[in-house]
> 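Once you've had a glance at the structure underneath, I'll fire off some questions.
Chain identifiers are assigned alphabetically (A, B, ...) following the order of the sequence lines, protein sequences preceding nucleic acid strands; residue numbering begins at 1 within each chain.
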Amino acid sequence: MTYSKLVGASALAIVVAGAATSVQAEDLTLCWAAWDPANALVELSKEFEAQSGHTMNFEFVPWPNFADRMLNELNSGGKLCDLLIGDSQWIGGGAENGHYVQLNDFFDAESISMDDFAPATVYAYSTWPKGTPNYYALPAMGDANGWFYRKDWFEREDIQAAYMEATGDELREPQSQRELLRIAQFFQGREIDGKTVYGAAIFTERGSEGITMGATGALYAWGFKYENEPGTYDMEGAVNSAEAVEALEFYKEFYETATPPGYTNAYMGESLDAFKSGQVALAMNWFAFFPGLYADPTTGGDKIDFFVNPPQNIAASTLGGQGISVVSYSDKQDAALEYIKWFADPEVQAKWWELGGYSAHNAVLNDPGFVESQPFAGDFLVAMEGVQDFWQEPVYAELLLAMQKRVHDYVVADQGTAQEALDKLIEDWTEVFEDEGKL
Amino acid sequence: MSDKTADRVAAATPTHIARKVRGLSDRAIAWIFVAPTIFLLLAINIFPLIWTIRLSFTNYKANRINREPEWIGFRNYERILTDSDIWLNMQATAHFLFWTIFFQVLIGFTLAWLINKKFKGNDLWTTIIVLPMMLSPAVVGNFWKFLYQPQIGLFNYIIAFFTGKDPSSFEMLGSVDLAPWSIVIVDTWMWTPFVMLICLAGLRSIPDYIYEAAEIDRASKLRQFFTIMIPMVLPFLMLAVLFRGIENFKMFDLVVQLTGGGPGSTTELTSINLKREAFEKWRTGYASAYAIILFVTVFGLASIYVKALNKVKER
């Protein structure tokens, strides 16, 4: 072999080796909201990096801007995210607009069975059209809206006596929405350890989804339905039923009589702040935050306890949580699918729960030790049995913003009646579905 | 010297190039210079405007790329103009526009008049007064949110100090009655210095001899104010009103940070509503029609105003 041939062969070998390396090791970007579980996922993903040789990058966007930022990214065919843990309501748009890769063939090839995951999470996070075996995501983070309270205050004899005197009842974890309100009203403006405290931190945010997520906690518990028959878009009598009106009036009363002053535009962050600063006795928030709340040195540990959204006419909770999808505009879909395969592994799922993520895998949820593993684990299981989600239509954003407006106008701005708010909501939603050709 | 250089350059230019250059008329050279600007203007301003007008007659949605947009004529315009909620947004915008301009002109002119007086520390005061204007609207919105906080906000405590009310008994951002005024206060705080600077420029452009002549004619200070100062500052003041009017018509960042359009839709100005329609609901066709309506409104009002301004200047 001449010298020039040797150099040529060496160069070719280097190029081939380089190409092989670049196929094996990719720089993957996973997009999600910036919150506690995201930090847990960063920790968890280090194992994937070590196993696969791929590098994981993360793009975490604060919740109020998450939908705006990510939906803009998807609508413009952006390549920022290879993997996206998108909100449950995006699944319709993600599937119909071609943003998400359909995962059926991949699941079949890799023997990933959706039967291994909690049915409510598969239905909510993975399927489109709803309930059909067309999967666009793997359930990544189970979540629901729950409640937590100052256990140390509830256990104080002077406070228990005062509550008994005021209401004639025992102070305990509320068993109904009405009892919840009574307890919150009892604490409203009460002096505890020389400090004025307030009833509860609820969601009242106007800009993104806050007040809808909060108010539906009451609406679902009263038996609210979006349609008379699923899939018909027949909303008259369902959305504005007598129960729905009562529930919305209840939420307004809650806002007016049992929340801290200035609590007009509050969502997750504000709820956490109000509780951690010792301002409120109770607060609503997503289960995702509960590990952090329990670990809080000031108000966590023995001072906190958790409960599922109390029933009224029925037991129901507002669904949170997300599935993980592969973005169809990504050039690294193979590596992204590799991540999903790794993430679906029961051992990884067990570690995910251990680190603070909410696994939806049956192997984790049905483990005999699960309920005792965290003080809120049992509540999480109960909540997930009764979760209900907002519309997941491709036009969900229009539907959501209409509800944000109507509910905020009524609850916070005190305009009109609950009946009018829900009637107008039907008008708004009807217009949206007519534009979509579904009505 | 320069002629010689020009001659040398002309002599050194190859004949075929020189012939070509000589062949260009003044008009052609002018076009060569103007063409890039015109091209950019067409690409960045005119084309999007025409495209927006076209989209406004369709039901196009930018997030539904698979769906063919339909031509729906004037339906978007009809919907917008007959939507009572949009008229409420227009009212909120008009309230914001009128009162911010009113207070900014009143306070801005007064400050300019005071600053125009020669006193020690004049420059320092001018610098201090213009500080709010130099801040980012997002920052201003955020810290005023804290100032308005009913439990810890300084604003509430100051009002409570003077009125004897409980500081947490009123909510500037959460009350339907107070929220529209809360955004007026913040915008006035931030942008009054701008009006002041323009008025100051106007005041300093009035030559001293005019006042001296008025003094000789024994004109009172009040008469000097109304017959010299106001007429001569008026074009400047009108310019400030024009700038602030256009700016506040499209106000977005400050109000979003402060109230997010709430409570309810009380402070949802048209620009906030338009952003929600265009980039949250993705009703691109509808939002295009909305934008055209707002554009025509601002353009129409500004044109009338500029004509009035020119008349004042001609006097």
Side-chain angles (χ1 to χ4, degrees), chain A residues 64 67-69 71-72 74-77 90 93 96-99 189 196 198 204-208 210-211 255 259-267 274 277 279 394-402 404-416 421 424 428 431-432 434-437, chain B residues 59-67 70 72 75-76 79 83-85 88-89 145-146 148-153 156 166-179 182 256-268 272-273 275-286:
Chain A
D68 257 14
R69 174 80 181 81
L71 294 177
N72 268 319
L74 292 177
N75 290 330
S76 59
W90 305 359
E96 286 198 13
N97 298 326
H99 301 321
T196 305
Y198 300 93
T204 58
E205 186 251 10
R206 167 75 172 89
S208 59
I211 200 163
Y255 163 73
T259 57
Y263 212 70
T264 54
N265 195 21
Y267 197 21
S277 63
Q279 209 183 0
V395 281
Y396 102 93
E398 282 183 55
L399 302 166
L400 178 65
L401 287 169
Q404 284 287 106
K405 177 180 166 56
R406 296 304 173 198
V407 174
H408 209 272
D409 275 352
Y410 169 65
V411 173
V412 178
D414 194 23
Q415 287 167 355
K424 282 181 184 171
D428 295 340
E431 194 180 310
V432 173
E434 279 174 354
D435 282 352
E436 282 297 293
Chain B
N59 64 353
Y60 178 61
K61 289 187 173 188
N63 66 338
R64 307 300 298 276
I65 37 179
N66 302 331
R67 201 176 74 171
E70 281 173 42
I72 55 169
R75 208 165 86 198
N76 285 330
R79 265 188 185 178
D83 187 339
S84 58
D85 288 331
L88 288 176
N89 297 142
K145 210 162 143 178
F146 287 112
Y148 282 143
Q149 222 286 333
Q151 293 174 76
I152 55 163
N156 279 37
D166 177 10
S168 55
S169 66
F170 62 98
E171 296 170 11
M172 287 301 292
L173 300 177
S175 152
V176 177
D177 298 325
L178 296 177
S182 72
V256 164
Q257 285 297 330
L258 273 169
T259 64
S265 309
T266 319
T267 58
E268 192 175 89
I272 299 174
N273 192 231
K275 187 257 178 182
R276 283 192 173 138
E277 294 294 341
F279 300 111
E280 292 179 22
K281 295 183 179 176
W282 293 99
R283 300 167 79 187
T284 317
Y286 180 90

> Please tell me whether B:S265 and A:D409 have a donor and an acceptor in their side chains that are separated by less than 3.5 angstrom.
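Yes, A:D409 and B:S265 have a side-chain donor paired with an acceptor closer than 3.5 Å.
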> Going from CH2 on B:W282 to CG on A:L401, what distance comes out if it is rounded to the nearest 0.5 angstrom?
12.0 Å
> For side chain to side chain contact (heavy atoms under 4.5 Å, CB included), just list the numbers for B:K281 and A:V432, CA-CA rounded to whole Å, side-chain angles, deciding distance to a tenth of an Å, and then say yes or no.
CA-CA 10 Å; B:K281 295 183 179 176; A:V432 173; over 6 Å; no
> Select one option (side chain, backbone, both, neither) describing which atoms of B:P150 are under 4.5 Å from chain A's heavy atoms.
side chain
> Quick one: what part of B:D85 sits under 4.5 Å from any heavy atom of chain A, side chain, backbone, both or neither?
side chain
> Hey, is CD on B:E70 packed in by over 12 heavy atoms from elsewhere, all under 6.0 Å?
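Open.
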> Set out, in order, the CA-CA distance, both residues' side-chain angles and the distance that settles side chain to side chain contact (heavy atoms under 4.5 Å, CB included) for B:K275 and A:D68, then state yes or no.
CA-CA 11 Å; B:K275 187 257 178 182; A:D68 257 14; 2.9 Å; yes
> May I ask you to name which of A:L74, A:N75, A:V395, A:T264 has the most heavy-atom pairs under 4.5 Å with chain B?
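Most heavy-atom pairs under 4.5 Å with chain B: A:N75.
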> Going through the checks in order, is the side chain to side chain contact (heavy atoms under 4.5 Å, CB included) test met by B:K61 and A:E398?
CA-CA 12 Å; B:K61 289 187 173 188; A:E398 282 183 55; 2.5 Å; yes
> Under a 4.5 Å heavy-atom cut-off, does chain B meet the side chain of A:E96, its backbone, both or neither?
both
> Using non-hydrogen atoms only, which part of B:E280 is less than 4.5 Å away from chain A: side chain, backbone, both, or neither?
both
> Is there side-chain contact between A:P261 and B:E171, with at least one heavy-atom pair below 4.5 Å?
yes
> Using side chain to side chain contact (heavy atoms under 4.5 Å, CB included), reason through A:Q279 and B:Q151 one step at a time and then give a plain yes or no.
CA-CA 11 Å; A:Q279 209 183 0; B:Q151 293 174 76; 2.6 Å; yes
> Under a 4.5 Å heavy-atom cut-off, does chain A meet the side chain of B:T259, its backbone, both or neither?
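For B:T259, the backbone is the part near chain A, not the side chain.
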> Roughly how far, to the nearest 0.5 Å, is CD of A:E431 from CG of B:D83?
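Taking CG in B:D83 and CD in A:E431, the distance rounds to 7.5 Å.
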> Could you work out, with ring pair (Phe, Tyr, Trp, His ring centres under 6.0 Å) as the rule, every residue matching B:Y148, not counting sequence neighbours?
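Listed in chain order: B:W144, B:F155.
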> Could you have a look at A:I211, A:L71, A:N72, A:V411 and say which one has the most heavy-atom pairs with chain B under 4.5 angstrom?
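The answer is A:N72.
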> I'd like to know if the side chain of A:N97 reaches the main chain of B:N63, judged simply by a donor and an acceptor atom lying under 3.5 Å from each other, with no hydrogens or angles considered.
yes
> Can a salt bridge be assigned to the pair A:D435 and B:R79 using a cut-off of 4.0 Å between side-chain N and carboxylate O?
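Between B:R79 and A:D435 there is a salt bridge, with a charged N closer than 4.0 Å to a carboxylate O.
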> Identify, with sequence neighbours excluded, every residue that meets side chain to side chain donor-acceptor pair (under 3.5 Å) alongside B:N273.
B:E268, B:Y290
> Check A:V412 against B:P263 and note the closest heavy-atom contact, atom names and distance.
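Taking A:V412 first and B:P263 second, the nearest heavy atoms are CG1-CB, 3.7 Å.
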